Each structure stands twice: as C-alpha cells, then as structure tokens.
There are 2 protein chains.
Amino acid sequence: MIKDLPPNTVERLSLYRRRLLNYPNEDKLYIHSHKLAHLLKINPAHIRRDLMLIGFTGDVHKGYNIQNLIDKIGKAIDCKHTQKVAFIGIGDLGRAVADHFNQKETKLKIAATFRTSKPPKTQFQEVTCYHISDMKKVLIKENIELVVLAVPRSYAKAISGEIIRTKVKGILNFTSVHLNVPDRIFVEDYDVIAKLEKLSFFTNTA
Amino acid sequence: MIKDLPPNTVERLSLYRRRLLNYPNEDKLYIHSHKLAHLLKINPAHIRRDLMLIGFTGDVHKGYNIQNLIDKIGKAIDCKHTQKVAFIGIGDLGRAVADHFNQKETKLKIAATFRTSKPPKTQFQEVTCYHISDMKKVLIKENIELVVLAVPRSYAKAISGEIIRTKVKGILNFTSVHLNVPDRIFVEDYDVIAKLEKLSFFTNTA
DNA sequence: TTCTTGCTGTTAATCAATTCACAATTGCTT
DNA sequence: AAGCAATTGTGAATTGATTAACAGCAAGAA
C-alpha cells in the first residue's frame with residue numbers, strides 16, 4: 001500500500017483494475033495507455049501519470065502487462081486484510097454493486113445489509129439482511145469497517161450515533177444530513193439532490 | 001439562470017438553499033457566512049465567493065437575508081419550467097431522496113420509478129412504480145428529462161440504448177458501465193465500487 | 001545498417017478549485 | 001465624535017487536477 005496517492009488517482013486505479021478484469025482475455029496480455037484510456041473515455045496521459053505514481057512501468061512497445069498491472073494496483077491500493085462492508089438502507093443499488101465483490105480479486109466483502117422497514121432477516125445471495133434495530137450488534141460482531149448509508153433523513157442522526165460506537169472507519173454517506181462523527185471516521189458525502197440540481201442546471205445551459 | 005457557473009458552485013448553491021430551507025425559522029431573518037459555513041462544515045470564504053458569483057450581496061452587519069438568498073439561488077440555478085425525474089432501478093435511495101422533492105421550493109419532480117424485478121405497477125407516495133419494460137413508453141409520455149440509473153451491469157447497455165430514444169437530457173449514472181450516449185445527454189458518473197475502494201484506502205493510510 | 005514509427009515516462013504548462021488576507025464599511029460603545 | 005469590532009466583497013496566493021509536449025527508446029522496415 002502506497003502512501004500519499006491523490007484521492008482521484010486512487011479512484012481511477014480502482015476503475016482501471018475493474019475494467020481490466022473484465023477485459024476480454026482473448027490472447028491479449030498487454031494493453032496500451034491509449035487503448036485503456038479509450039475504453040474509459042479519459043486522457044491517456046492520465047493513465048501514464050497514475051501508473052507512474054504507483055511505480056508501474058510498461059514496455060515501450062507492447063504497453064502494460066495486464067496481469068502485472070492488476071497485481072500492482074492491488075499492492076498500491078488494497079489493504080492487507082479483507083475489509084467488510086455493510087449497506088444500510090439501500091436496496092437495489094447494493095444489489096447492482098454486489099456481484100463485483102463476489103469476484104476473487106477484491107479485498108472488500110459485503111457482510112450485511114440492513115433495512116429500516118420490512119424484512120427482519122432474510123438472505124440476499126450469501127448476504128444476510130437484518131432489521132436496522134440489530135445494526136450496532138451486527139456491525140460489532142462481524143467487525144465491519146465500511147458502510148454505505150442511505151436511509152431517510154429522519155433516521156440519519158440516530159444511526160450515525162450508533163455507528164460511532166462500532167469499529168466502522170469509513171462511511172459513504174448518501175443521506176443529505178451532515179454526519180457528526182469523530183475524526184477517526186472517514187466520511188465521503190454524496191448528495192443526490194445537489195447532483196440532480198446540477199444536472200438540471202447543465203442540461204439547461206450547456 | 002446564470003451562465004458559466006462552475007459545476008461545484010452550482011452544487012454548493014443547492015446545498016446552501018436546502019440547508020436554509022430547513023433552518024429553524026425562529027426570528028432569524030439573516031445569516032452570516034461563517035454561520036452557514038459552520039452548518040455545512042465548509043470554508044466561509046467559499047460561501048461569500050459563490051454568492052458573489054451569482055451577484056447576491058449581504059449586509060455588512062446583518063449578513064445575508066435568508067429568504068432573499070433562497071430566491072436568488074433559485075433564480076441562479078433553477079430552470080424556468082419544472083423538470084421531471086425518474087429513478088430507474090433504485091429502491092430505498094430514491095425513497096430517501098423523495099421527500100425533499102415534494103417540498104414547494106423545487107423545480108424538480110419525481111415522476112416515475114422503474115424496477116427490474118417484482119412489482120409491475122405499484123404506487124409509492126404519489127409516484128407510480130412501473131416495470132422496466134414500460135420504461136421507454138413512460139419516459140416519453142411523461143416527458144421526463146432527468147433519470148437516476150442504478151441497475152445491475154447486465155441491464156445497463158440495453159436500458160441506456162432505450163433512454164437515448166427519449167427526451168432525457170441528463171443521467172446520473174450509478175452503474176459502473178460507461179454509457180455510450182450522444183453529446184446532447186449530460187452524464188454524471190458515480191462509481192460506488194471505486195468510492196468504496198477509495199474509502200478503504202484512506203481508512204488504512206490516513 | 002540506418003531510418004521511421006509509435007510508445008512510455010516525465011516535466012512543464014494549463015486549468016480549476018479553494019483558501020488567505022485585507023480594504024472598506026458601518027453599527028455600536030464610550 | 002472618535003475608536004472599536006465584526007462582517008462582507010474580492011484580489012492574490014495556493015493547492016490540486018488535468019493535459020500537453022517531448023526526450024528517449026526500441027522494434028521493424030528499407
């Protein structure tokens with residue numbers, strides 16, 4: 001794991017890897033920066049720069065060895081142990097994401113989902129779905145470190161109050177409520193409403 | 001509606017307004033930049049600069065008039081007519097967002113939701129939930145211009161292929177698939193997997 | 001062998017976003 | 001009336017992200 005990678009680079013490395021994992025294996029062992037850039041619709045220089053930052057070097061003619069690159073990205077951004085993730089109050093989106101995390105190459109594992117309503121305890125694939133009232137207990141017992149939080153506003157405060165009493169270290173926060181958590185917890189906010197209003201703005205001016 | 005606002009400013013203006021709408025009305029008619037900044041955990045200069053960009057000016061002692069500011073933000077970022085939004089394949093998250101759009105102050109209206117599975121046609125609040133197979137028809141009939149797309153990978157291509165044959169102008173894309181759409185459609189990607197891997201990275205180094 | 005081609009690695013340039021810092025203003029206090 | 005205190009509006013500085021540009025290299029063609 002490399003220190004001091006820019007946040008956006010970390011995100012892109014994740015994208016590179018995922019794209020490469022799905023890359024038709026055919027006989028292709030290598031890929032050029034501009035080819036990968038084209039697949040991801042980004043600038044080739046960006047890729048070369050990102051790979052430079054993690055010290056991965058390609059062949060001047062053949063390009064980048066795909067398997068080695070996948071491995072190197074893992075070394076750069078994955079943590080050593082597997083981290084468990086929980087989805088709190090997010091139905092279909094979790095489902096849309098889940099398949100990837102059942103692949104071999106990932107250090108993240110979806111360990112539980114929670115709902116504020118309905119099913120008190122059901123299975124979804126191999127992931128158990130609990131009622132929200134069991135959240136704290138399960139987060140602790142399962143040693144979950146990352147959560148995706150997408151519950152209605154009215155729940156947000158109480159739930160985040162419980163989360164800080166667990167071992168959770170990171171929250172992807174889709175509630176439009178600003179969470180009051182200690183510094184040891186890393187929060188990434190995403191405000192759907194603001195994004196929609198931005199979308200509205202740029203579809204009417206641009 | 002103002003041209004040439006930076007994207008991030010547009011997003012923040014949306015956040016400012018929403019925060020102000022929920023601001024305890026008490027007797028407070030005015031708010032200072034640092035007070036609002038504190039509520040949103042951002043830098044006060046940021047707020048002053050954003051408001052400068054939309055030509056809103058405050059009182060050197062009282063601060064910003066809340067109602068006027070709300071109105072001005074509307075003039076700056078809202079489009080004139082109401083725009084309709086659809087949620088495609090996103091259950092709870094849509095629910096978590098929906099309440100806001102039933103407020104008076106918004107130009108966006110959730111007009112439909114679609115599911116890839118289960119309920120062929122049910123109601124959620126006043127919003128009808130259709131089966132995905134009716135999507136194109138409904139998008140056209142309802143004149144929907146914005147969609148939030150969060151279906152499993154395997155559906156993404158086919159669905160985006162249908163979307164481009166409607167009047168949709170903007171897509172908030174939560175599928176990790178790069179959509180191939182013409183330039184007239186504004187796409188904002190959000191890759192949950194990449195965000196989670198970033199979260200994992202920064203909870204293990206920082 | 002020598003030339004051409006096309007790629008990587010990397011520095012430099014550009015562009016965008018954020019924050020600093022302070023002049024100007026004006027109510028309030030004395 | 002004069003000085004203090006607090007706030008806005010904004011130019012300048014800083015930080016960060018992206019893109020351009022090209023030297024250096026090596027395979028393959030001539």
Side-chain angles (χ1 to χ4, degrees), chain A residues 2-16 20 28-66 68-69 72-73 76 188-189 191 194-195 198 201-202 205-206, chain B residues 2-16 20 28-66 68-69 72-73 76 188-189 191 194-195 198 201-202 205-206:
Chain A
I2 300 176
K3 285 252 174 200
D4 292 331
L5 291 177
N8 291 7
T9 292
V10 176
E11 268 181 51
R12 277 191 302 266
L13 288 170
S14 165
L15 295 177
Y16 301 162
L20 292 173
K28 293 294 178 63
L29 297 176
Y30 289 80
I31 192 168
H32 290 297
S33 64
H34 59 73
K35 171 71 175 165
L36 181 55
H38 181 76
L39 291 173
L40 296 167
K41 307 239 157 93
I42 66 174
N43 187 302
H46 232 148
I47 292 180
R48 297 202 297 275
R49 162 162 291 274
D50 287 335
L51 301 193
M52 190 186 83
L53 291 176
I54 63 170
F56 186 75
T57 136
D59 180 287
V60 71
H61 282 101
K62 293 191 279 187
Y64 301 102
N65 180 291
I66 293 174
N68 290 352
L69 177 50
K72 186 78 173 189
I73 291 175
E188 165 111 355
D189 290 306
D191 194 301
K195 297 290 180 185
K198 179 171 81 166
F201 179 84
F202 283 105
T205 56
Chain B
I2 300 176
K3 284 251 174 201
D4 291 332
L5 291 177
N8 291 6
T9 292
V10 175
E11 268 182 51
R12 277 191 301 267
L13 288 169
S14 165
L15 295 176
Y16 301 163
L20 292 172
K28 293 295 178 63
L29 297 177
Y30 288 81
I31 192 168
H32 290 297
S33 63
H34 58 68
K35 171 71 175 166
L36 181 54
H38 180 76
L39 292 173
L40 296 167
K41 306 240 158 91
I42 65 174
N43 187 303
H46 230 149
I47 292 180
R48 298 201 297 273
R49 172 159 295 270
D50 287 335
L51 301 192
M52 190 185 84
L53 291 176
I54 64 170
F56 187 75
T57 135
D59 180 288
V60 71
H61 282 102
K62 293 191 279 186
Y64 300 101
N65 180 291
I66 294 173
N68 291 352
L69 177 50
K72 186 77 172 190
I73 290 175
E188 165 112 354
D189 290 306
D191 193 300
K195 297 289 181 185
K198 179 171 81 166
F201 179 84
F202 283 106
T205 56

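Computed from a predicted model, the values in this text were never measured in an experiment. Chain letters run A, B, ... following the sequence lines, proteins first, then strands; residues in each count from 1.
Judged by distance alone, with hydrogens and angles left aside, Arg49(A) brings a side-chain donor or acceptor within reach of the base of dT11(C), the pair sitting under 3.5 Å. Residue side chain His61(B) reaches the base of dT26(C) through a donor-acceptor N/O pair under 3.5 Å, judged by distance alone.
Residue Asn68(B) holds its CG atom at 7.0 Å from OH of Tyr30(B), rounded to the nearest 0.5 Å. Between the NE2 atom in His38(A) and the CD1 atom in Ile31(A) there is a gap of 11.0 Å [rounded to 0.5 Å]. Taking CZ from Phe202(A) and CG from Leu5(B), the interatomic distance works out to 7.0 Å, rounded to the nearest 0.5 Å. A distance of 6.0 Å separates CG in Leu20(B) from CD1 in Ile73(B), rounded to the nearest 0.5 Å.
As judged by a 4.0 angstrom heavy-atom cut-off over every strand, His32(B) is placed among residues touching the sugar-phosphate backbone only. Using a 4.0 Å heavy-atom criterion, one finds that Thr9(B) contacts no nucleic acid atom at all. Using a 4.0 Å heavy-atom distance criterion, Pro44(A) is classed as making no nucleic acid contact.
Counting only heavy atoms from C-beta on, Asn43(B) has its side chain closest to dT19(C) among dG9(D), dA26(D), dT19(C). The side chain of Val60(B) lies closest to dT7(D), out of dA17(C), dT7(D), dA21(C). In this structure, the nucleotide among dT8(D), dT10(C), dT19(D) sitting nearest to the side chain of Met52(A) is dT10(C). Checking dT10(D), dA17(C), dA17(D) against every side-chain atom of Pro6(A), the shortest atom distance belongs to dA17(D).
When the side-chain nitrogen and oxygen atoms of Tyr30(A) are compared with OP1 and OP2 of dT8(C), none of them lie within a distance under 4.0 Å. Between Thr57(A) and dT8(C) there is no side-chain N or O to OP1 or OP2 distance below 4.0 Å. Distances shown here put every side-chain N or O of Asn8(B) at or beyond 4.0 Å from the OP1 or OP2 atom of dA16(C). OP1 or OP2 of dT18(D) sits under 4.0 Å from a side-chain N or O of Arg12(A).
For Lys195(B), the NZ atom sits in a packed shell: over 12 heavy atoms of surrounding residues, nucleotides or ligands are nearer than 6.0 Å.
As a whole-Å value, the separation of His34(B) NE2 from dG9(D) P is 13 Å. A straight line from CG of Asp50(B) to C1' of dT19(C) spans 12 Å, rounded to a whole angstrom. The CG atom of Leu5(A) sits 11 Å away from the P atom of dA17(D) (whole-angstrom rounding). At whole-Å resolution of the value, CG in Leu53(A) and P in dG16(D) are 14 Å apart. Rounded to whole Å, the distance from CG on Asp59(B) to P on dT25(C) is 14 Å. Straight-line distance from the CD atom of Glu11(A) to the C1' atom of dT18(D): 15 Å, rounded to whole Å. Remark: P of dA6(D) and CD1 of Ile31(B) are 18 Å apart, rounded to the nearest angstrom. The CD1-P distance, from Ile47(B) to dT19(C), rounds to 11 Å in whole Å.
Looking at heavy atoms from C-beta onward, Pro6(A) lies in side-chain contact with Leu53(A) at the 4.5 angstrom threshold.
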